[in-house]
Amino acid sequence: MNVTIKTPEEIEKMRVAGRLAAEVLEMIEPYVQPGVTTGELNQICHDHITQTQAATPAPLNYRGFPKSICTSVNHVICHGIPEDGKRLKKGDIVNIDITVIKDGYHGDTSKMFYVGEPSILARRLTEFTQQALYAAIDLVRPGERLSSIGKAIQKMADKERFSVVQEYCGHGIGRVFHEDPQVLHYDGYTPRSDLVLAPGMCFTIEPMINAGKRHCKTLRDGWTVVTKDHSLSAQWEHTLLVTESGVEVLTRRSEEPFS
Ligand code: MF3
Ligand code: CO
Ligand code: CO
C-alpha cells in the first residue's frame, strides 16, 4: 500500500478542487426537476466545470467513461451514464457524482436528489445513507484505524435492515483519481496492517446502501451498476483530509453542518 501524505502546498490545491466539486452540486440543484434528462444535467455540469471553473471533469474518458458526471437513478447503485433519452420523473431519486481536476488535484463528491416527492422508503434510505456517511466522517482523526469506518457503517445498516455494497469502495485521492488506500464501507477482512490515519492523508468515504440485498451487477454498457434484486440504492460521498485535530471535509457544501 502506498498512501501519500500531502504537503501543505498540495493540501491547498486539494481544498480548491474540493470546493469546486461541491459548488457543482450546489449549482445543479435547481435543474434537478421532473422532465429534465440526465444528458442535460451532464451538459450543464460539463459547461460549468470547463467554462466557469476552468477545471476538468475527471470522469470524461476515464477508462473509457463517455460523460463528465455520473447520474445513478433509483436502482442504479453507481456509475450511471447520463443519457439524452433518460428523463427524470416525479418520485425518482438520483445520485449525481462530480469529480473535478483543478491544478492537477482531484475533488470527488456526490449527493442524492429527490425528483418531486420521494416514497417513504426512498426518503428513509436516502436520509439513512447520508447519516451513515456523517457518522463515518465523525470517526476520522489521527490514530483511528481505517477499518473503523466500514465497521461503523455496517453496524448502522444492519440495524435498519439495509445492505452495504461491497464491490465499490472509497479511495485515496490527490494527483491520482483513485489511489491507496481502499476505504471499505462494510465490516470486511481487516489486514494486520490496518492503516492508522495520520495528518495529511486524503481519501473519500462514499457508502452505497441498498434497500434490498447487497448484490449488484454491471449492465452491458460496461459501466452502469444496478442492484441485482432491483431494489433502491442510495449513495453520498465526500473527499476528506485528516488534520492534526481531526478531519476537514474538503467537499463541504454550504448547507452542511461540519465546521
Ligand atoms: N466518482 C466516482 C467515485 O466516486 C468514480 C466515477 S468513475 C467514472 O470514485 F468513470 F465512472 F466516472
Ligand atoms: Co470517489
Ligand atoms: Co465520486
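Atoms within a ligand are numbered from 1 in the order they appear, just like the ligands themselves.
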Q: Scan R15, K6, R19 and name whichever one has a salt bridge (charged side-chain N to carboxylate O under 4.0 Å, His left out) with E248.
A: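 Result: among R15, K6, R19, R15 is the only option passing the salt bridge (charged side-chain N to carboxylate O under 4.0 Å, His left out) with E248.
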Q: So does H178 have any N/O/S atom less than 2.8 Å away from the Co ion (ligand 2)?
A: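 No.
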Q: Can a donor-acceptor pair be found between the side chains of N74 and D92 at a distance below 3.5 Å?
A: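 Result is yes, a qualifying pair exists.
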Q: Do D97 and H79 get their side chains close enough for a donor-acceptor pair, meaning under 3.5 Å?
A: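 There is no such pair between these side chains.
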Q: Report yes or no: does a heavy atom of K67 sit under 4.0 Å from some atom of ligand 1?
A: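 Flag not set, K67 not near ligand 1.
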Q: For E206 and H171, does a side-chain donor sit closer than 3.5 Å to a side-chain acceptor?
A: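 Yes, H171 and E206 have a side-chain donor paired with an acceptor closer than 3.5 Å.
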Q: Return the residue, atom name and 0.1 Å-rounded distance of the protein heavy atom closest to atom 2 (C) of ligand 1.
A: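 Its nearest protein heavy-atom neighbour is D97 OD2, 3.4 Å.
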Q: Does CD belonging to E255 count more than 12 external heavy atoms closer than 6.0 Å?
A: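 Yes, CD of E255 has more than 12 neighbouring heavy atoms, counting only those of other groups under 6.0 Å.
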Q: Could you verify whether a donor N or O on one side chain and an acceptor N or O on the other, from S147 and D194, lie under 3.5 Å apart?
A: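 A pair is found: one side chain offers a donor N or O, the other an acceptor, under 3.5 Å apart.
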Q: Do E26 and S254 have side-chain N/O donor and acceptor atoms under 3.5 Å apart?
A: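 The criterion, which ignores hydrogens and geometry beyond distance, is satisfied for S254 and E26.
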Q: Using the six-membered ring wherever Trp is involved, compare the ring planes of H106 and F177 and label them parallel, tilted or perpendicular (cut-offs 30° and 60°).
A: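 Parallel: the ring planes of H106 and F177 meet at under 30°.
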Q: If you count the atoms of ligand 1 from 1 in the order shown, which ones are under 4.0 Å from a heavy atom of T99?
A: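 Result: 1 (N).
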Q: Any idea which atoms of ligand 1 are less than 4.0 Å away from a heavy-atom of F177?
A: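 Ligand 1 atoms under the 4.0 Å threshold to F177: 1 (N), 5 (C).
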Q: Between the side chains of S110 and N95, does any donor sit under 3.5 Å from an acceptor?
A: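 S110 vs N95: donor-acceptor pair found between side chains.
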Q: Decide whether an N or O pair under 3.5 Å exists between H79 and ligand 1.
A: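 Checking ligand 1 against H79, no N or O pair falls under 3.5 Å apart.
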Q: At a 4.0 Å threshold, what atoms of ligand 1 neighbour a non-hydrogen atom of H178?
A: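 Checking each atom against H178, I get 3 (C), 5 (C), 9 (O).
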Q: At under 4.0 Å between heavy atoms, which part of D108 makes contact with ligand 1: side chain, backbone, both or neither?
A: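 The answer is the side chain of D108.
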Q: If only side-chain N and O atoms count, and only distance matters, is there a donor-acceptor pair under 3.5 Å linking H238 with E256?
A: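 Per modelled atom types, E256 and H238 side chains form a pair under 3.5 Å.
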Q: Verify the distance criterion only: is there a donor paired with an acceptor across the side chains of N210 and T227 at less than 3.5 Å?
A: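 No - no donor-acceptor pair under 3.5 Å links their side chains.
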Q: Enumerate the atoms of ligand 1 whose separation from the nearest heavy atom of P59 is less than 4.0 angstrom.
A: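 Every atom of ligand 1 under 4.0 Å from some heavy atom of P59: 12 (F).
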Q: Tell me, yes or no, whether the heavy-atom count around E40 atom CD, taken from other residues, nucleotides or ligands under 6.0 Å, exceeds 12.
A: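 Counting other residues, nucleotides and ligands, CD of E40 exceeds 12 neighbours.
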Q: Any side-chain donor-acceptor pair under 3.5 Å between T37 and E83?
A: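 Absent: no donor and acceptor within the cut-off.
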Q: Show which atoms of ligand 1 fall inside a sub-4.0 Å distance from at least one heavy-atom site of F65.
A: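 It comes down to these atoms of ligand 1: 8 (C), 10 (F), 11 (F), 12 (F).
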Q: Does an N or O from E237, backbone or side chain, lie closer than 3.5 Å to an N or O of ligand 1?
A: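 Between E237 and ligand 1, an N or O pair is found under 3.5 Å apart.
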Q: So which bit of R63 gets within less than 4.0 Å of ligand 1, heavy atoms only: side chain, backbone, both or neither?
A: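 For R63, there is no contact with ligand 1 at all, from either part.
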Q: Among all protein non-hydrogen atoms, which one is nearest to atom 7 (S) of ligand 1, and what is the separation to 0.1 Å?
A: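 Of every protein heavy atom, Y62 CD2, 3.9 Å lies nearest to atom 7 (S) of ligand 1.
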Q: Can you find a non-hydrogen atom of Y168 under 4.0 Å from ligand 1?
A: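 Distance cut 4.0 Å: Y168 fails for ligand 1.
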Q: Would E206 count as a contact of ligand 1 if the rule is a heavy atom under 4.0 Å away?
A: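 The answer is yes, since E206 has a heavy atom less than 4.0 Å from ligand 1.
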Q: Counting heavy atoms only, which part of A58 comes closer than 4.0 Å to ligand 1: side chain, backbone, both or neither?
A: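 Under 4.0 Å from ligand 1, A58 contributes no heavy atoms.
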Q: Listing by chain and number, what protein N/O/S atoms are under 2.8 Å from the Co ion (ligand 3)?
A: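 Hits for the Co ion (ligand 3) below 2.8 Å: D97 OD1, D97 OD2, D108 OD1, E237 OE1.
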Q: Tell me whether the NZ or CZ atom of K111 lies within the 45° cone about the ring axis of F113 and under 6.0 Å from its centre.
A: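 Judged by the rule (NZ or CZ under 6.0 Å from the ring centre, within 45° of its axis), K111 counts as positioned above F113.
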